[in-house]
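First comes the structure, then the notes that go with it.
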Amino acid sequence: MRIEVKDLTYSYEQSSKKGGQVALDKVSITIEEGEFFGIIGQTGSGKSTFVQHLNGLIKVEKDRGSIKIGEFDLTDKKCDFKALRKKVGMVFQYPEHQLFAETVFEDVAFGLKNFAPEMSEREIEERVEQAITLVGLDYSKVKEKSPFELSGGQKRRVAIAGVIVTKPEILVLDEPVAGLDPAGKKDFLALLKKLHKMFVKTVVLVSHDMNVISEHCSRAAIFSAGKILTVGTPKDIFANEDELISLGLSLPTTAFIEKRLSHSGINPKSNLTVSDFIDKLCEEFVGGKR
Amino acid sequence: MKDVTFGQYYPKDSFVHRMDARIKILASIAYIVGVFLVQSFHFLGFAACFLFVLITTITAKVPFLKVLKSIKAIMFFIILSAILQLFFNSDGEVLLDLSFIKITDLGLLNAAFIIVRISLVVLGASLLTLTTSPVELADGIESLLYPLKFIKFPVHEFALIMSIALRFIPTLLDETDRIIKAQKARGADFESGNIFKRAKALIPVLIPLLISSFRRADELADAMDARCYSGSKNRTKYKKMKLTWRDLIGTILVAGLIVGVVYLNNFYVLLTVAL
């Protein structure tokens, strides 16, 4: 499913006539099916507001732009948001705060029971087991446990299992790695890559970590003050260091080293992923041998 | 979630904002007493109360719509009270007879009376919270409750609990909003079904909310401990409360309102006697 956003405008506090604070200002963007799309920007630049539009948690107001996701027209009053949310999964910041059920099984099954009430017990069990195993937990060990007796990292895994259990085609994640330790971060991104190869066709990832963007995203957008400044491959968006710094952002490590190397006349011209960067450097120095 | 006006501070620099919180609290209580003093069907007294609210709103530089919004929050309660009055009042002339209930002219008047009375009380109370910051409010209450210290009532702790509770209202609203969205994204449905279904649908919101409140309370207690917070003894205040000429004018106005209401009550009586 393709995501098409046109001239999307949104401001909080509509009640005040002066328009309150504009969170989104004529944002237009198209995200193709199959992309691993990154979104970066300062706190308060409108990223979260934008992604919450993608599954109708914030509705598009009249004459304030349009969003089309696959065959869903979110501007349409008759849009079936439940069906949409089944296809567009959403992982919020600190998703572990949404856990509520008595057992891990019940919590993960929550979304499934909401979206597919006709599903048989056996099928539900299969799907829940698959989701819990996917996020790297031992199903037989955790399924009867209370989610609140798990560790922080495990809680987050359970919460994510609760989102992917419905097999969304588009997965939207708002800073999913905030507060994770390096190993947890790595595991999580590996999981995301795996999901992207399975049923998740499109990933939209909001992150403050430039390395995550340069390493994993096929394309990314920079948000600033409710507008999209640049859209493109990591190579494109990380081309202008001064602009990034003025926005309170930074370069990913690979781009940073490349930039410093270029001052000494070395131009590896990698696509900014770590492995490609090392390959290009090896070509430059030792003729391709790594 | 965003339209909860009741209990929200509207920062502005105005005559009312600069009044002493204690006087404002007492004036609000006096105003509410005034509203309740208005005798049945003497709507002129209500007009006086409304005029008072209007004057206060204008001098406080608060948009009147913002004040009116507070009624929205308890609309359900108002309508319920009005309906009860309407249906269960059998005095007076019958206007509509539906065999099992009779709607009478007195019932109708009573319902209108109740609506106006509750609305006026809420308007006054929301004016207090709109023009007084939570901190000032808590300080004011603490100061007003001071005499209770002599019967060993922990006044300071009580005020602290109150100001913390007030402080966390917006935080909890934000949190609720976030959790509702997260559960909606997982297909939770809060808008359809009968009342039991809807109540049950709230469980996935209430439990995370409760847990996060406990977590916050723990964190806050630790943070206060880390800064060596200890009760009331020898604690000074950042802002000392002082009575000024504004408070005198405010007091006179409220006193005038009450005299006016009592006078208007009797005015009716005099009018009926004269006729």
Tell me, yes or no, whether the heavy-atom count around Phe77(B) atom CZ, taken from other residues, nucleotides or ligands under 6.0 Å, exceeds 12.
no
Those residues of residues 211-222 of chain B, ordered by number, that approach chain A below 4.5 Å (heavy atom to heavy atom)
Ile211(B), Arg215(B)
Test log, rule side chain to side chain contact (heavy atoms under 4.5 Å, CB included), inputs Arg178(B) and His97(A):
CA-CA 10 Å; Arg178(B) 266 193 39 209; His97(A) 291 171; 3.9 Å; yes
Roughly how far apart are Asn55(A) CG and Lys184(B) NZ, rounded to 0.5 Å?
10.0 Å
Would you say Glu102(A) has more than 12 foreign heavy atoms packed within less than 6.0 Å of its CD?
no
Heavy-atom distance under 4.5 Å to chain B: side chain of Gln52(A), backbone, both or neither?
side chain
If I measure from the heavy atoms of chain B, does Phe81(A) come under 4.5 Å with its side chain, its backbone, both, or neither?
neither
Counting heavy atoms not belonging to Glu121(A), are there more than 12 under 6.0 Å from its CD?
no
If you look at every heavy atom in Gln183(B) and Gln98(A), which pair is closest and at what distance?
NE2-O, 2.9 Å
Going by heavy atoms in the side chains, are Ile179(B) and Phe92(A) under 4.5 Å from each other?
no
If you measure from CZ on Phe110(A) to CD1 on Ile203(B), what distance do you get to the nearest 0.5 Å?
10.0 Å
By a 4.5 Å heavy-atom criterion (distance strictly below it), what part of Lys82(A) contacts chain B: side chain, backbone, both, or neither?
side chain
Main-chain N/O of Arg186(B) paired to Asn114(A) side chain as donor or acceptor, under 3.5 Å
yes
Of all the heavy-atom pairs spanning Pro208(B) and Phe100(A), show the shortest one and how long it is.
CD-CB, 3.7 Å
Can you name the residues that form a side chain to side chain contact (heavy atoms under 4.5 Å, CB included) with Glu123(A), not counting sequence neighbours?
Met119(A), Ser120(A)
Heavy atoms of other groups near Arg18(B) CZ, more than 12 under 6.0 Å:
no
Check whether Leu99(A) gets within reach of chain B through its side chain, its backbone, both or neither, counting any heavy atom under 4.5 Å.
backbone
Region of Leu112(A) in contact with chain B, defined by heavy-atom distances below 4.5 Å:
neither
